[in-house]
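Quick notes on the structure that follows.
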Amino acid sequence: MSDEHAGDSGDDSGPNSDARPIVYDLAPNCTADDVETDAYYHAVVNGVVEYGIFVDVSDSVSGLIHESNLSADYEVGDRLVVRLESVRDNGDIAFAEDTPDDYRTLTVDHEPTITPISSLSVGESVTVEGVVTQIKQTGGPTVFRIADDSGIVAAAAFEEAGVRAFPGVDLDDVVRMAGTVEDHEGTRQLEVDGLTVLDDEAAADARQRIDAALDERAEPEPVEPLVEWSAFEKLRDDLEDVARLLRRTVLEGRPIRVRHHADGDGMCASVPVQLALERLITEVHDDPDAPRHLFKRLPSKAPFYEMEDVTRDLNFALEGRARHGQRLPFLLMLDNGSTEEDVPAYENLAHYDVPIAVVDHHHPDPEAVDPLLDAHVNPYLHDEDYRITTGMMCVELARMIHPDVTDELRHVPAVAGLSDRSKAEVMDNYIALAEDEGYDREQLLDVGEALDYAAHWLRYNDGASIVNDVLNVGCDDEERHRELVEFLSTRAERDVDRQLEAAEPHLEHERLDSGANLYRIDLDKWAHRFTYPAPGKTTGKLHDRKVQETGEPVITIGYGPDFAVLRSDGVRLDIPRMVAELNEEVVGGGVSGGGVSGGGHLVVGSIKFVSGMREEVIDSLVEKMAEADIDEELSTTA
């Protein structure tokens, strides 16, 4: 028996102290591996029979002292010193009453062989060491999920039906569990015999070891971008940081919640990331239902994180923690989340230490949001702009998380770029990549239109199946994809034509002093409500038609009782600055929004205001637009 972990509790005085016999005092969790023949042990009587007594030297090591080896009578609970005589082939242990003279005591802690979770095999008796990532009380056992540096496993501990086992164990504790690996509905599950929460020093050592290994496993996959693009290279390090965070989150067993803008680019961003993360979750967890429990994607109608959305998300997360013993989730914001309007929602999450990462291409307010974020990817932070769409970035992010998704995503950057009207110099490269996958430009436009149409009717639902089929990512039926895109895009085109037929005759036109054409329309009066397209898209479609008709700089304003949607082409507007000025100049107008609220680009946006001040706000807005410079670089017809 090794006494490497033994501690001397005897009297060490005297020159011959080291030569004294040793009596071992075993820790309760010591096993048969910690004892050896002819060694002495402190024991406790646990049973008295006609032919002798039974003694315990630890919780799991017991044996018989035959009456022939006893010199006195004992009762249950009495303490004595014994010598281990033999261990039979069947595991039975025989002790003898034997107390050496002038002995010293060494305490022995059990140091079991730790089995990596990834190496567990059904039928084995093992000990695992890891961090508690979930504690779920069922009607029967308490189910813990334990994560070490190699994987995650469920561990069932039974006290009595519906009663919490090991109530002193909390989430994020470092524990050592001993038990037998069993098959539970096709997955490995540890049936727990014993559980120990490691003390501070041992826990710190274990955490350090696990953290180092998880950091290594969380490293993003070294993939080359689908197309060579110097502008994208500026963002690579930031995207790798997000990939590293997300991979680490999966390895730790923490849930992930994704919020994305409910439009074509937002879906082109979120669906590839969802596919990559769900595949990684499946690899890390034995449980086939793990992706459903650990990943949730939801659209946001507004292009910023509204208090309504964060309140729902937080309530869902807190209920998950209470009902299922889960950690609070990691929040990933896609195609929104970069602006000052997101700050109140982020501050709400900060009360619960929810980690947040943002991948967005709308004009950001980094000074406002970065102190509240764990990672922030945005082309504006590297002197680039919105032509690098979020969908383009997230296809590369997904490949960094799980490169096996690459073949399913080659057409997605082109859909994202066309949906968001990117003028990126590599759009032809992306379209060529999609053509290799069987898509021409018109088909890509139809996919984007179908996504927008689906998003409109899905409202606050993720529409996982239909969105995957429309985008042909994670879709198992190519023919269904083609038919669905044709159906939805045709319906969308029909509804757009109906809307424009009703609204276009009511467009008001004037020529600004700058030479730009200004069109405005009261959408509340002259457009169908509560149908497709919504006010923002209706304004955009009217704007596009006038841009093509005139071939000149165009500004379009579509407004309702308390909002206005703004579009410009060939005019250098700074909508966020205009909104800030309007808020100061139109007293009582309650102006908010700007580039943030309707697309987040400097030349595209929407604003909100008090309905009673609409005329003053619109008039002041037009005055500011009249002062804006003409800029051919911002023209789609140049």
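- The backbone N or O of Asp33 lies less than 3.5 Å from a partner atom in the side chain of Thr31, making a donor-acceptor pair.
- Distance alone, capped at 3.5 Å, is enough to place a donor-acceptor pair between the Asp342 side chain and the Tyr305 backbone.
- In this structure, Arg83 fails the cation-pi test against Phe95, since its NZ or CZ atom is not both closer than 6.0 Å to the six-membered ring centre and inside 45 degrees of the ring normal.
- Contact annotation: the side chain of Thr105 approaches that of His42 to within less than 4.5 Å [non-hydrogen atoms, C-beta and beyond].
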- Message: As a quick check of understanding, evaluate side-chain hydrogen bond (donor to acceptor under 3.5 Å, both in side chains) for Asn336 and Asp360, giving each step before the final call.
- Response: CA-CA 5 Å; Asn336 57 8; Asp360 190 17; over 6 Å; no
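- Listed by first and then second residue, the salt bridge (Lys or Arg N to Asp or Glu O under 4.0 Å) pairs that reach into residues 272-284 are Arg279-Glu408, sequence neighbours excluded.
- Residues passing the side chain to side chain donor-acceptor pair (under 3.5 Å) test with Asp73: none are found, sequence neighbours excluded.
- Pairing each heavy atom of Ser62 with each of Ile93, the nearest pair is O-CB, 3.7 Å.
- The closest side-chain heavy-atom distance from Asp34 to Val61 is not below 4.5 Å.
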Extract all donor-acceptor atom pairs below 3.5 Å that involve side chains of residues 148-160 and protein atoms in other chains or at least two apart in sequence.
from, atom 1, to, atom 2, distance (Å)
Asp148, OD1, Ser150, N, 2.7
Asp148, OD1, Ser150, OG, 2.9
Asp148, OD1, Gly151, N, 2.9
Asp148, OD2, Ile117, N, 2.9
Asp148, OD2, Ser150, OG, 3.3
Ser150, OG, Ile117, N, 3.2
Ser150, OG, Ser118, N, 3.0
Ser150, OG, Ser118, OG, 3.3

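- Residues His376 and Ser338 have side chains that bring a donor and an acceptor to within less than 3.5 angstrom of each other.
- Distance alone, capped at 3.5 Å, is enough to place a donor-acceptor pair between the His351 side chain and the Glu347 backbone.
- Considering only residues two or more places apart in sequence or on other chains, Glu219 meets the salt bridge (Lys or Arg N to Asp or Glu O under 4.0 Å) condition with Arg244.
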- Tell me, with the steps shown, if Arg104 and Ile22 meet side-chain contact (heavy atoms from CB on, under 4.5 Å). CA-CA 5 Å; Arg104 60 192 180 104; Ile22 298 173; 3.6 Å; yes
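- Sorted by first and then second residue, the salt bridge (Lys or Arg N to Asp or Glu O under 4.0 Å) pairs with a member in residues 177-189 read Arg188-Asp286; sequence neighbours excluded.
- By the salt bridge (Lys or Arg N to Asp or Glu O under 4.0 Å) test, Glu252 pairs with Arg248, sequence neighbours left out.
- With sequence neighbours excluded, no residue forms a side chain to side chain donor-acceptor pair (under 3.5 Å) with Thr113.
- With sequence neighbours left out, the side-chain contact (heavy atoms from CB on, under 4.5 Å) criterion links Thr37 to Leu84.
- The salt bridge (Lys or Arg N to Asp or Glu O under 4.0 Å) pairs that include a residue from residues 120-133 are Glu129-Arg176, Glu129-Arg209, where partners are two or more places apart or lie in different chains.
- For Asp353, there are no side chain to side chain donor-acceptor pair (under 3.5 Å) partners two or more places apart in sequence or in a different chain.
- Counting only distance, with no hydrogens or angles, the side chain of Thr390 and the backbone of Gly266 share no donor-acceptor pair below 3.5 Å.
- Proximity of a side-chain donor or acceptor of Ser86 to a complementary backbone N or O of Arg88 within less than 3.5 Å is not detected.
- Every pair passing side-chain hydrogen bond (donor to acceptor under 3.5 Å, both in side chains) that includes a residue from residues 161-173 is listed here, sequence neighbours excluded: Asp172-Arg327.
- Residue pairs meeting the salt bridge (Lys or Arg N to Asp or Glu O under 4.0 Å) criterion with at least one partner in residues 390-401, sequence neighbours excluded, are Glu396-Arg399.
- Looking at every heavy atom in both residues, Leu294 comes nearest to Gly253 through CD2-O, 3.8 Å.
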